[in-house]
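What follows is a single structure, written as structure tokens, with notes after it.
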Amino acid sequence: MKYYFILTDSRDAWMQFVYLPTEDYVSGYIRDLRSVGISVHDYDLWTEETRPIAERTLEHIRQSMNV
């Protein structure tokens with residue numbers, strides 16, 4: 001299953017795509033990201049329905065970081 005994650009560090013925001021076999025792997029992946037200082041703002045399965053939501057969320061986070 002293809003998931004998107006909206007991530008930030010101290011300098012940037014980006015969307016990352018990850019293939020995980022089941023949703024059970026998501027919490028471990030998020031824990032690994034946080035352990036290296038990356039914040040997770042949103043995630044979901046990547047579908048035609050979730051794409052606009054993900055893109056709007058990423059843009060909103062980028063705008064708030066530029067303030």
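When hydrophobic clusters are built by joining Ile, Leu, Val, Met, Phe, Trp and Tyr residues whose side-chain heavy atoms come closer than 4.5 Å, directly or via intermediates, Ile30 is grouped together with Val18. Note on Tyr3 and Met15: separate hydrophobic clusters, where clusters join Ile, Leu, Val, Met, Phe, Trp and Tyr whose side-chain heavy atoms are under 4.5 Å apart, directly or indirectly. Connection of Met65 to Leu33 is not established within any shared hydrophobic cluster, with ILVMFWY side chains joined at heavy-atom distances below 4.5 Å, either directly or through further cluster members.
Between Tyr29 and Phe5, a ring centre-to-centre spacing shorter than 6.0 Å is recorded.
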Side-chain donor-acceptor pairs under 3.5 Å in residues 51-60, sequence neighbours left out?
from, atom 1, to, atom 2, distance (Å)
Arg51, NE, Glu55, OE2, 2.9
Thr57, OG1, Ile53, O, 2.8
Glu59, OE2, Gln63, NE2, 3.2

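In this structure Arg34 satisfies the salt bridge (charged side-chain N to carboxylate O under 4.0 Å, His left out) test with no other residue, sequence neighbours excluded. In this view, Asp9 and Arg11 satisfy the salt bridge (charged side-chain N to carboxylate O under 4.0 Å, His left out) rule, not counting sequence neighbours. Remark: Glu23 engages no residue in a salt bridge (charged side-chain N to carboxylate O under 4.0 Å, His left out) (not counting sequence neighbours). A search for side-chain contact (heavy atoms from CB on, under 4.5 Å) contacts involving Tyr25 returns Leu20, Pro21, Thr22, not counting sequence neighbours.
No side-chain heavy atom of Asp32 sits under 4.5 Å from any side-chain heavy atom of Val36.
Within the structure, the side chain to side chain donor-acceptor pair (under 3.5 Å) test picks out the following pairs touching residues 37-49 (sequence neighbours left out): Tyr4-Asp42, Thr8-His41, Thr47-Glu49, Thr47-Thr50.
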Side chain to side chain contact (heavy atoms under 4.5 Å, CB included) between Met1 and Tyr19, worked out: CA-CA 5 Å; Met1 301 165 137; Tyr19 287 92; over 6 Å; no
